[in-house]
Amino acid sequence: MPELPEVRTVVKFLNTLKGNHIRKIESYLPKMFSSELVDKVTNEKINEVTALGKYIIFHLDNYNLISHLRMEGKYFYKDYYEKTKHDHVIFTLDKGYLYYNDVRKFGTFDLKNKEETFTTPPLSNLGKEPFTITVEELNQKLKKSSRAIKTLLLDQSIMTGIGNIYADEILFLSKINPKTRGLDITISQIKELIKNSIKVLNEAIKEGGTTIHTFSTNEGQGWFQLKLNVHTKAGKPCKICNTIIKKEKINGRMSYYCETCQR
DNA sequence: CCCGTGCCCTGGCGGC
DNA sequence: TGCCGCCAGGGCACGG
């Protein structure tokens, strides 16, 4: 499931394609990529690809194409044409083909005029990334909520970029129980949360992301799964204190944590 | 306004 | 061995 580090990895790869025009688009899933999008995007040039949280932004000539991979969306580039299973959108470029592949069909595409890109949903709903949020800004959002900190870390309108894997890892490093209410989080804990969010995300970016289910790119898979402390470690001993890692659903999201280290 | 729930979708896995 | 049923999971619509 692509979170900020995986999206950064994909964007790095997509930027190798900039300068290409999108000469033709085949959409096999109009619900995901409508014929109106096909018409508008055809013949536009990919000038730049950037990321915001978990969103990919293709900067075209007249529009910005916003892509979200959700659970299993992937981009593949080949210099030849070969439609495979679960390829839903195929972009013919000046040189080669870009394939959008998505087993669960959860991914989304939005097309925006340049000036409305960041001022309309979905991007206008996002909080800052952990790299730029301040302690005071995060405090303002957490202190009025009785929801669990795990849930709040997943709320993209508070901070953007963190998903289920990294939320568990960040809480472990910060020694915070995932069920702690937002309003019970102290200022020093907020400092820890921001510090560890940056640390975990940067390390994961360095590893090319985390491959737990199927995340991969043309560059291959990511390797951060080898550095996970708690996520997917149910039944195994905590690396710090040997307590067995607990697996528990919190507000509908599977969560992994150490009951001893995270109080 | 705030929060919880259900939905989208399909491969993989547990159970029998 | 084979088949059925259930589950994961990000973001959004909806309802209390």
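Chain identifiers are assigned alphabetically (A, B, ...) following the order of the sequence lines, protein sequences preceding nucleic acid strands; residue numbering begins at 1 within each chain. Just so it is clear, the values below take in all heavy atoms, side chains as well, and ignore hydrogens, waters and symmetry mates.
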Q.
Set out, in order, the CA-CA distance, both residues' side-chain angles and the distance that settles ring-ring contact (aromatic ring centres under 6.0 Å, His included) for A:Y256 and A:H231, then state yes or no.
A. CA-CA 5 Å; A:Y256 301 82; A:H231 193 81; 4.9 Å; yes

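For B:dG4, the base has no donor-acceptor partner in the side chain of A:R147 [N/O atoms by modelled type, under 3.5 angstrom]. Between the side chain of A:R70 and the base of C:dG9 there is no donor-acceptor pair of N/O atoms closer than 3.5 Å. For C:dA8, the base has a donor-acceptor partner in the side chain of A:R104 [N/O atoms by modelled type, under 3.5 angstrom].
In this structure, A:Y75 and A:F91 have tilted ring planes: the angle between them lies in the 30° to 60° band.
Along DNA chain B, the nucleotide closest to A:R253 and the one closest to A:S145 are compared, and the more 5′ of them pairs with A:S145. The residue among A:F106 and A:P121 whose nearest nucleotide of DNA chain C is located toward the 5' end is A:F106.
At least one side-chain nitrogen or oxygen of A:Q156 sits closer than 4.0 Å to the OP1 or OP2 atom of C:dG11. Using a 4.0 Å cut-off, no side-chain N or O of A:K105 falls inside it from OP1 or OP2 of B:dC8. OP1 or OP2 of B:dG11 sits under 4.0 Å from a side-chain N or O of A:H86. Using a 4.0 Å cut-off, no side-chain N or O of A:K144 falls inside it from OP1 or OP2 of B:dC1. Applying the 4.0 Å criterion to OP1 and OP2 of C:dG11, one finds that A:K54 has a side-chain N or O inside that range. At the phosphate of B:dT10, neither OP1 nor OP2 sits under 4.0 Å from any side-chain N or O atom of A:K85.
Minimum atom distance to the side chain of A:N164 is reached by C:dG9, of the listed B:dC9, C:dA8, C:dG9.
Within the cation-pi definition used here (under 6.0 Å to the ring centroid, within 45° of the axis), A:K78 qualifies as a partner of A:Y99. Both tests do not hold together for A:K150 against A:Y257: distance to the six-membered ring centre under 6.0 Å, angle to the ring axis within 45°.
In this structure, the CG atom of A:L142 is 15 Å from the C1' atom of B:dC2, given to the nearest Å. At whole-Å resolution of the value, NZ in A:K150 and C1' in B:dG4 are 17 Å apart. Taking atom CD1 of A:I158 as the reference point, atom P of C:dG11 lies 13 Å away to the nearest angstrom. In this structure, A:L152 places its CG atom 12 Å from P of B:dC2, rounding to the nearest Å. Rounded to whole Å, atom C1' of C:dG10 lies 14 Å from atom NZ of A:K249. Straight-line distance from the CE atom of A:M71 to the P atom of C:dC12: 14 Å, rounded to whole Å. Between A:K141 atom NZ and B:dC3 atom C1' the separation is 17 Å, expressed in whole Å. In this structure, A:I165 places its CD1 atom 15 Å from P of C:dA8, rounding to the nearest Å.
For A:Y81, the ring-ring contact (aromatic ring centres under 6.0 Å, His included) criterion is met by A:Y97, not counting sequence neighbours.
Contact annotation for A:T108: no contact, since no heavy-atom pair falls under 4.0 Å across all strands. Across all strands shown, A:P122 has heavy atoms under 4.0 Å from sugar-phosphate atoms exclusively, and none from any base. Within the 4.0 angstrom heavy-atom criterion, no nucleotide atom of any strand lies near A:T151.
The one candidate from A:K24, A:R23, A:K45 that meets the salt bridge (Lys or Arg N to Asp or Glu O under 4.0 Å) condition with A:D94 is A:R23.
Pairing partner, C:dT1: none, since no Watson-Crick or wobble contact has both distances short of 3.5 Å.
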